[in-house]
Amino acid sequence: MKIIIFGPQGSGKGTQAKLLSEKLNIPHISTGKIFRDNIEEQTDLGKEAQKYMAQGNLVPDDLVIALIKDRLAETDCSDGFILDGYPRTMPQAESLDAIIKLDLALEIWIPDEEAIHRISQRRSCSVCGEIFHLSHKPPKVESVCDKCGGKLIVRDDDQEKAIKQRLASYHKLTEPLIDHYKVQDIYMKIDGRPAIEAVKESIFEIFKQLKLID
Ligand code: AMP
């Protein structure tokens, strides 16, 4: 099963993509995570991506498209995958259409005010990348990662100025995907405002109705 999940920052798409990937036993591929890992390791790709990400801008299409083409060619993707955060622009969507046929394009929607509120509460581990939320998933010890003991930070791209820039890019560049996938009759929209578990149930319900899971 080949699925994409998209939605504004803070919509919970990463969390839901992870839950779905466990349920369906197919890989969860997050372009944001791939870039963050590369930044951490200071690879050439990471250094290039960091220039854009820190400002809240999208990484240029040619870089992301090449990265995803290679990733989807790996053997673990042969039974399907969940793409989280890709495609984010029309050129990315068109290049994906050229290599595979998607089964579902799921948008997790939240309003901008909710996105800004949620992201301002987000803290990420500077070592392992684990994400915490000051209200919904606080760390046991303030500013310390439960998983690895690393220091929790506000990511550059989670600073308020960058969040606003990221939301503007989302509306301008990513929302046109809605019509693109409606035409292909594979678009579904989920309200991302409820709690994680409730959103998960709504998504699983859609999958049951579509007979994609039992
Ligand atoms: P995410 O974790 O999905 O919110 O992604 C974090 C950041 O990585 C984004 O704000 C972009 O700068 C970059 N990024 C991730 N996926 C893409 C993509 N498909 N196209 C361009 N930039 C991306």
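A quick note: this is a predicted structure, and the numbers were derived from the prediction, not measured.
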Q: Begin from the C-alpha positions of Glu107 and Tyr187 and carry the test side-chain hydrogen bond (donor to acceptor under 3.5 Å, both in side chains) through to its verdict.
A: CA-CA 8 Å; Glu107 182 195 15; Tyr187 170 74; 2.5 Å; yes
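- In this structure, Lys137 pairs ionically with Glu130, as a charged nitrogen and a carboxylate oxygen lie closer than 4.0 Å.
- Enclosure of atom CG in Asp70 by more than 12 non-hydrogen atoms of other residues, nucleotides or ligands within 6.0 angstrom is indicated.
- Arg123 and Leu152 make their closest contact through CB-CB, 4.1 Å (heavy atoms, listed as atom of the first residue, atom of the second, distance).
- With respect to the salt-bridge test (charged N to carboxylate O, under 4.0 angstrom), the residues Arg71 and Asp76 qualify.
- Between atom OG of residue Ser11 and atom CH2 of residue Trp109 there is a gap of 11.5 Å, rounded to the nearest 0.5 Å.
- Arg36 has no carboxylate O lying under 4.0 Å from a charged side-chain N of Glu40, or vice versa, which leaves the two without a salt bridge.
- The residues Arg166 and Asp158 are annotated as salt-bridged, a charged nitrogen and a carboxylate oxygen being separated by less than 4.0 angstrom.
- No side-chain heavy atom of Tyr86 sits under 4.5 Å from any side-chain heavy atom of Leu67.
- Sparse packing is recorded around CD of Glu160, with 12 or fewer heavy atoms of other residues, nucleotides or ligands lying under 6.0 Å away.
- Other residues, nucleotides and ligands place no more than 12 heavy atoms under 6.0 Å from the CD atom of Glu142.
- Checking side-chain atoms of Ser126 against main-chain N and O of Lys151 turns up a donor-acceptor pair under 3.5 Å.
- To the nearest 0.5 Å, the span separating CG on Leu177 from CD on Gln92 amounts to 8.5 Å.
- Comment: Glu48 engages Lys51 in a salt bridge, judged by a side-chain N to carboxylate O separation of less than 4.0 angstrom.
- Within a 6.0 Å radius of CG in Asp185, no more than 12 heavy atoms belonging to other residues, nucleotides or ligands are found.
- Between Phe35 and Ser30, the closest side-chain pair of non-hydrogen atoms is not below 4.5 Å.
- A donor-acceptor contact closer than 3.5 angstrom links the side chains of Gln184 and Asp97.
- For the atom pair CZ (Arg88) and CG (Leu83), the distance works out to 11.5 Å, reported to the nearest 0.5 Å.
- Side chain of Ser169 to backbone of Gln165: a donor-acceptor contact under 3.5 angstrom is found.
- Judged by distance alone, the side chain of Asp103 and the main-chain N or O of Lys2 form a donor-acceptor pair under 3.5 Å.
- Side-chain contact between Cys77 and Ile29 is present, with heavy atoms from C-beta onward closer than 4.5 Å.
- The two atoms that bring Met53 and Asp157 nearest to each other are O-CB, 3.2 Å, heavy atoms only.
- Gln16 places a side-chain heavy atom less than 4.5 Å from the side chain of Lys200.
- By the neighbour-count criterion of 12 heavy atoms within 6.0 Å, atom CG of Leu167 is densely surrounded, having more than that number from other residues, nucleotides or ligands.
- In plain terms, the two heavy atoms of Tyr181 and Ala93 that are nearest each other are OH-CB, 3.6 Å.
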